[in-house]
Amino acid sequence: MARRLIAGNWKMNGLRADGTQLAGDLADRIAAEPLTCDLLICPPFTLLADVADAIDGSGIALGGQDCHGAAKGAFTGSVAAAMLVDLGCSHVIVGHSERRHGLGEDDETVLAKAAAAQAVGLTPIVCVGETAGERDAGSALDVVSRQVRHSVPANSGRLVVAYEPVWAIGTGRVPTSDDIAAVHAEIRAVLRADRPDAAAALILYGGSAKPDNAAEILAIDEVGGLLVGGASLTAADFWAIATSCD
């Protein structure tokens with residue numbers, strides 16, 4: 001079984017001093033107490049180079065929060081997947097709900113980004129998840145299944161999928177264990193049926209994970225790790241979540 005992955009998405013938070021201190025704190029902790037899971041941090045683009053230096057040699061992986069679907073070109077303000085590799089990244093988040101629902105990214109756009117990431121050796125973390133309205137309408141599994149089928153490249157190489165119920169992100173609300181298990185089982189079934197190359201991909205849970213609920217969520221079938229938002233901005237909280245894998 002693959003080691004679990006605890007990924008921290010810093011979102012649009014932190015200046016250079018903040019990011020360097022947080023990354024350095026995590027590097028010190030992992031040097032003193034090796035983990036049984038893999039640790040990944042995804043800072044804003046402006047902090048990638050500084051954070052890469054701070055975690056160099058620690059075993060902590062570095063990821064980007066997004067990339068463009070094209071290899072290069074006239075896309076002002078965008079970042080190509082190869083640029084992330086050049087800075088030392090091994091992963092990139094694509095299709096986060098804040099981009100799908102806040103910036104209008106559709107499955108086709110997310111698919112292009114995931115494929116671009118794989119083309120240069122990055123592992124895309126493809127985010128999927130339903131809104132409150134979709135869950136209340138009883139269509140959560142249909143929505144997530146569609147997103148997996150249309151956002152994950154057909155010839156899947158390296159891949160992580162993250163289930164993030166949109167209504168639970170940053171709200172403090174957490175689905176029941178049965179809710180999480182049902183969606184993760186559906187994602188696994190779709191991967192096995194439609195994406196055999198990615199049938200064994202890790203499936204992360206990404207909705208309001210905190211130190212006090214991490215162990216319970218990680219114990220759910222098919223939860224291969226966590227995509228952590230706000231709690232990843234505090235070294236002590238993020239570390240407590242990571243040690244919940246033990």
Side-chain angles (χ1 to χ4, degrees), residues 1-11 35-42 61 63 65 91-101 110 114 123-132 134-135 140-148 151-152 159-192 195 198-234 237-246:
M1 181 180 294
R3 281 164 59 96
R4 287 174 171 169
L5 176 65
I6 306 298
N9 176 15
W10 294 3
K11 306 188 181 184
L35 295 169
T36 61
C37 62
D38 292 325
L39 207 61
L40 165 69
I41 50 178
C42 301
Q65 295 181 11
H91 293 70
V92 61
I93 300 168
V94 297
H96 192 280
S97 64
E98 291 161 1
R99 300 195 66 87
R100 285 184 184 266
H101 300 284
V110 177
T123 298
I125 300 175
V126 181
C127 298
V128 298
E130 81 283 5
T131 64
E134 290 165 340
R135 172 157 286 277
L141 296 184
D142 290 338
V143 170
V144 170
S145 296
R146 186 205 74 228
Q147 291 174 341
V148 173
S151 301
V152 173
L159 176 73
V160 173
V161 177
Y163 168 54
E164 42 162 20
V166 180
W167 48 273
I169 298 172
T171 65
R173 296 175 60 194
V174 180
T176 66
S177 295
D178 288 344
D179 290 337
I180 297 172
V183 177
H184 279 242
E186 179 70 12
I187 293 171
R188 181 67 68 201
V190 173
L191 290 175
R192 286 173 175 159
R195 299 291 186 267
L202 287 175
I203 305 173
L204 311 184
Y205 173 74
S208 294
K210 299 176 180 179
D212 60 359
N213 64 19
E216 179 182 355
I217 296 172
L218 287 166
I220 299 170
D221 287 346
E222 297 292 1
V223 174
L226 300 169
L227 179 59
V228 184
S232 69
L233 296 173
T234 303
D237 286 350
F238 191 51
W239 187 256
I241 291 172
T243 56
S244 297
C245 292
D246 296 344

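Please read all numbers here as calculations on a predicted model, not as lab measurements.
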Mind checking side chain to side chain donor-acceptor pair (under 3.5 Å) for [X] and listing every partner two or more places apart, or none if nothing turns up?
| X | result |
| --- | --- |
| Asp237 | none |
| Tyr163 | Glu130 |
| Thr243 | none |
| Lys11 | Glu98 |

Are any of the side-chain heavy atoms of [X] and [Y] separated by less than 4.5 Å?
| X | Y | answer |
| --- | --- | --- |
| Ile93 | Cys127 | yes |
| Arg100 | Val128 | yes |
| Asp179 | Arg135 | yes |
| Ile220 | Tyr205 | no |

Throw together a table of side-chain donor-acceptor distances under 3.5 angstrom for residues 183-190, partners on residues two or more places apart or in other chains.
residue	atom	partner	partner atom	Å
His184	ND1	Glu222	O	3.1
Glu186	OE2	Ser145	OG	2.6
Arg188	NE	Glu222	OE1	2.9
Arg188	NH1	Ala199	O	2.7
Arg188	NH1	Ala201	O	2.7
Arg188	NH2	Ala201	O	3.0
Arg188	NH2	Glu222	OE1	3.0

Rounded distance [0.5 Å steps], [atom1] in [X] versus [atom2] in [Y]:
| X | Y | atom1 | atom2 | answer |
| --- | --- | --- | --- | --- |
| Leu226 | Ile6 | CG | CD1 | 4.0 Å |
| Asn9 | Glu164 | CG | CD | 8.5 Å |
| Phe238 | Leu233 | CZ | CG | 10.0 Å |

Using only heavy-atom distances, determine whether the side chains of Gln65 and His96 contain a donor-acceptor pair under 3.5 Å. no

Is the backbone of [Y] close enough, under 3.5 Å, to the side chain of [X] for a donor and an acceptor to pair up by distance?
| X | Y | answer |
| --- | --- | --- |
| Glu134 | Thr131 | yes |
| Asn213 | Ser208 | yes |
| Ser151 | Val148 | no |

Tell me the closest heavy-atom pair linking His101 and Gly129, and the distance in Å. NE2-O, 4.4 Å

Locate the shortest heavy-atom distance separating Leu5 from Leu204; write the atom from each residue and the value. O-CD2, 3.7 Å

By salt bridge (Lys or Arg N to Asp or Glu O under 4.0 Å), which residues pair with Asp221, not counting sequence neighbours? none

